[in-house]
Amino acid sequence: MRNLKTIIICCSLILLSCRIASAQIIHDSILELQQVSILKNNAKAVVPVQELKGEQLEALNSHSVADAVRFFAGVQIKDYGGVGGFKTIDVRGMGTQHVGVFYDGIQLGNAQNGIVDLGKFSLDDMEVISLYNGQKSNIFQSAKDYASASAIYLQTKKPVFIGDKKTNATLRYKLGSIQLINPSTRIEQKITDRLSAVLSAEYIKSNGEYKFRYRRNKLDGTKAYDTIATRHDGQIEAKRLELGLLGKGNQSNWNVKGYLYNSDRGLPAAIVRGRFGARGQTWIDRNYFVQGKYEKRIKNFQTKLLAKFAYDYTHYIDTVSTIKINNEYIQREVYFSWANLYSITDKWDVNVSTDYQFNNLDADLVNFSYPTRHTNLVAIASTYQLGKLTLQGSLLGTFVKESVEMNTSAPDKNVWTPTIIANYKPFSNQDFNVRAYYKRIFRMPTLNDLYYTDIGYSNLKPEYTEQYNLGFTYSKNTSSFIKNFTIQADGFYNEVKDKIIAGFNGRFRATMMNLGFVKIKGLDIKLRSSFDIGQVKFSPMLTYSFMKAQDFTNPGDTYYKDLIPYAPEHSGSFVLSAKYNTWNFNYSFIYVGERWDINQDNIKYNRLNPWFTNDVGIHKSFKLNNISFKTSFELNNIMNQQYDIVLNYPMPGRQFKLILSANL
């Protein structure tokens, strides 16, 4: 009955919005190949969006996607240290599994643990990185796009050929601290006026060893440890290769991409009780996928087909600990999507999309279940505008069926979840927009949650979130000293119910259970501007986040209403870019306030100190024999701040990087 009421209410709201609103307001550029836009592109985002793109993305002292998204308001990164350290993202305190990560429009999947390591993805090929809270403003999307509490979109560069040029080639070499070497190349080839190819390859190697200061006090405040040690087991050797074909036809385009990523890396252990030596844990990844997209427009009708096959192999080895581990995991994924957008009038768009996804997981564990998951999703969405008011509504149906070769499978899941979004522009002569949204969404338990030997519990419920957001955006362009100014502010309130946690049974073994209830409230603010002083062009950006994420699970707990682990109340960043002729200077600052470790009680013993870093970069462009060169020197953590993002996983201190690139 609850699902039926949800469906009736959401459908009624969508139909109501159909009568009172008009043309779709879209943020994204769609169907763009060689600067030819096929589908309509409007400028305003109905839901909160943050972006890094172009020169600003290049100027940041960032190696991976994880390094770059730290500058988004409301984002917290978990980083286990070093070049090869595992890096995950948490948005507005709801947890890593609630963040969808999309690579060129198709979601990166991990049915095993629901976590995407953002450290794997280099910035060399990135054109735009976007973060959406809730979901994208553009309703012409797959059903999967509606299925996350927030989403990161990674858009790689599209080939652009100037004049009669048919080949673009970029060669780049990076070297730096921690014995880093990182060559890469990107080659773009124009085959015909309607067909082009892209090849991108990268190699990265580091021994992962760096100095850090280890200080710990006893409960009475006296010193327990204070020493300089070397971080071990952080080595990495990784290869990435991407090959893509991009084509366009009559009011259509398509692309196919193959992706290979192989890495052998160490897993640094936690520094506890003064143990600093190597532990011998390693992690081997072999990730492959092939994905394709086809889009076509016929008058007022647009259709999009997506397809993907992924194969992921993971080998975890621990030959040093008391319990020896040598486990292998294989994930397979098959994914299809069909989205259809129809413009009933110039002021009314409706989208219907359906997805199918197949996942299975193999592991060489005793009594492993060997699960197989079939997921079907159906999404219905509409967007309208009536004068100054724009409304969107969507309804997502998720249907999951699982089977296992051994043990007990999880029950089928059939869930409907709605989203309602509104945007209002009160002044016709001012670029000022007020927006609000409500979204109910959930995350499925991962296959590890359900079936990991002696830990998984097949009757877990999905983890539900309720999201509320109210905010505004104001932009102004002038001919005065300040050329442009933008402020974006959003207040939010989230609830996470049936949170999945690890508990313990009578046999002293962990097991997964539904227990948690978390309330999260906060505020995200982002300021951007640009101004000139003489011939120097300055572009500052400031973000600030306040968040209070409290545990309301059980009034009898000692940590009832305490802040949840690793969720700071205050965080923010500042970036200042300066450009003079062929010189570029970039300064960035990141701050994260006090947090609490996984012991939950907000007491002094469990407190994690605030941390901050200061980074600078200098870039120079020049030409030799019609070849464009760019040299860069980057200095990260210039004050040699000693800090942990994750307790007992020390981060590197001061580091440098030299980069030389050539465009042929």
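For reference, positions follow the sequence shown, starting with 1.
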So, does Glu242 use its side chain to make a donor-acceptor pair with the main chain of Asp125 at under 3.5 Å?
no
Examine distances only and state if a side-chain atom of Asn423 and a backbone atom of Thr390 form a donor-acceptor pair shorter than 3.5 Å.
no
Salt-bridge criterion met for Asp264 and Lys239 (N-O under 4.0 Å)
no
Is any side-chain heavy atom of Lys548 closer than 4.5 Å to a side-chain heavy atom of Glu569?
yes
Tell me whether the rings of Tyr80 and Tyr649 are parallel (<30°), tilted (30 to 60°) or perpendicular (>60°).
perpendicular
Kindly determine whether Asp601 and Thr558 satisfy side-chain hydrogen bond (donor to acceptor under 3.5 Å, both in side chains), including the steps that lead there.
CA-CA 7 Å; Asp601 288 285; Thr558 58; 2.5 Å; yes
Decide side chain to side chain contact (heavy atoms under 4.5 Å, CB included) for Asn110 and Asp312; before the verdict, give the C-alpha distance in whole Å, the side-chain angles of both, and the deciding distance to 0.1 Å.
CA-CA 9 Å; Asn110 191 323; Asp312 297 325; 5.9 Å; no
Provide the closest heavy-atom pair for Asp524 versus Ser545 in the form atom of the first, atom of the second, distance.
OD1-OG, 3.0 Å
Assess whether a salt bridge exists between Lys87 and Asp67, defined as any Lys/Arg side-chain N lying under 4.0 Å from an Asp/Glu carboxylate O.
no
Specify the closest pair of heavy atoms between Phe140 and Lys304, including all atoms of both residues, with the distance to one decimal.
O-NZ, 3.1 Å
Would you sort out whether Tyr438 and Glu466 count as a side-chain hydrogen bond (donor to acceptor under 3.5 Å, both in side chains), showing the intermediate values?
CA-CA 7 Å; Tyr438 163 78; Glu466 306 267 356; 2.4 Å; yes
Interatomic distance, NZ@Lys561 vs OG1@Thr553, rounded to 0.5 Å, equals 13.0 Å
Yes or no on side chain to side chain contact (heavy atoms under 4.5 Å, CB included) for Leu154 and Ile129, after CA distance, side-chain angles and deciding distance?
CA-CA 5 Å; Leu154 310 178; Ile129 300 177; 4.0 Å; yes
Side-chain contact test, heavy atoms from C-beta onward, threshold under 4.5 Å: evaluate it for Glu333 versus Gln107 and give yes or no.
no
At their closest point, which heavy atom of Ala149 faces which heavy atom of Gln467, and how far apart are they?
O-NE2, 3.0 Å
Between Asp490 and Lys526 (salt bridge meaning N to carboxylate O under 4.0 Å), is one present in this structure?
no
Pick one: which of Gln331, Arg286, Glu328 meets side-chain hydrogen bond (donor to acceptor under 3.5 Å, both in side chains) with Tyr313?
Glu328
Distance in Å, Leu108 CG paired with Ile115 CD1, rounded so as to fall on 0.5 Å steps:
14.0 Å
Taken to the nearest 0.5 Å, the spacing of Arg373 CZ from Leu447 CG works out to 4.5 Å
What do you reckon, are the aromatic ring centroids of Tyr356 and Phe336 less than 6.0 Å apart?
no
Side chain to side chain, Glu495 and Lys497, heavy atoms closer than 4.5 Å:
yes
Mind listing the closest non-hydrogen atom pair of Asp355 and Ser142 along with its distance?
OD2-CB, 3.7 Å
Kindly give the heavy-atom pair with the smallest separation between Asn469 and Gly471, and that separation in Å.
ND2-N, 4.0 Å
Do Asp145 and Gln135 come within less than 4.5 Å of each other through their side chains, counting heavy atoms only?
no
Taking atom types as modelled, is there a side-chain donor on Asp104 or Thr156 under 3.5 Å from an acceptor on the other?
yes
Do Asp318 and Gln281 have a side chain donor and acceptor closer than 3.5 Å?
yes
Candidate pair Asp285 and Lys120, rule salt bridge (charged side-chain N to carboxylate O under 4.0 Å, His left out), full reasoning
CA-CA 10 Å; Asp285 275 331; Lys120 291 181 179 180; 3.5 Å; yes
Is there a donor-acceptor pair closer than 3.5 Å between any side-chain N or O of Asn602 and the backbone N or O of Leu563?
yes
Reported CZ-to-CG distance for the pair Phe368 and Asn407, which is rounded to 0.5 angstrom:
9.5 Å
Do any N or O atoms from the side chain of Lys439 and from the backbone of Tyr146 form a donor-acceptor pair under 3.5 angstrom?
yes
Treating Asp551 as the side-chain partner and Val518 as the backbone partner, does any N or O pair qualify as donor plus acceptor under 3.5 Å?
no
Derivation of the side chain to side chain contact (heavy atoms under 4.5 Å, CB included) call for Arg332 and Asp362:
CA-CA 9 Å; Arg332 301 173 188 86; Asp362 294 343; 3.0 Å; yes
Could you check whether the rings of Tyr259 and Phe289 sit parallel, tilted or perpendicular, using 30° and 60° as the cut-offs?
parallel
Find out whether Met406 and Asn367 are in side-chain contact, i.e. whether some heavy atom of one side chain is under 4.5 Å from a heavy atom of the other.
yes
Distance, nearest 0.5 Å, that separates CG of Leu118 from CD1 of Ile89
6.0 Å
Assert yes or no for the condition that the ring centre distance of Tyr560 to Phe552 is strictly below 6.0 Å.
yes
Under the side-chain hydrogen bond (donor to acceptor under 3.5 Å, both in side chains) criterion, do Asn326 and His315 qualify, and how do the steps go?
CA-CA 7 Å; Asn326 191 342; His315 188 187; 2.5 Å; yes
For a 4.5 angstrom cut-off between non-hydrogen side-chain atoms, does Val378 reach Leu396?
no
Please walk me through it: do Asn340 and Thr303 pass side-chain hydrogen bond (donor to acceptor under 3.5 Å, both in side chains)?
CA-CA 4 Å; Asn340 298 276; Thr303 189; 2.9 Å; yes
Taking the side chain as C-beta and beyond, is there a heavy-atom pair between Ser263 and Trp283 under 4.5 Å?
no
Donor-acceptor check, side chain of Gln50 to backbone of Ala73, threshold 3.5 angstrom: yes or no?
yes
CA sep, side-chain torsions, deciding dist, call: Val99, Asp90, side chain to side chain contact (heavy atoms under 4.5 Å, CB included):
CA-CA 7 Å; Val99 183; Asp90 179 8; 5.6 Å; no
Can you tell me if Gln76 and Ser571 form a side-chain donor-acceptor pair at under 3.5 Å?
yes
What are the two closest non-hydrogen atoms of Ser337 and Ala143, and how far apart are they?
OG-N, 4.5 Å
What do you reckon, is CD1 of Ile598 surrounded by more than 12 foreign heavy atoms closer than 6.0 Å?
no
Any heavy-atom pair between the side chains of Leu450 and Glu402 that's under 4.5 Å?
yes
Verify whether the ring centers belonging to Trp338 and Tyr294 lie closer than 6.0 Å.
no
Which class fits the ring pair Phe442 and Tyr464: parallel under 30°, tilted 30 to 60°, perpendicular over 60°?
tilted
Interatomic spacing from CG in Asn606 to CH2 in Trp596 - rounded to 0.5 Å
8.0 Å
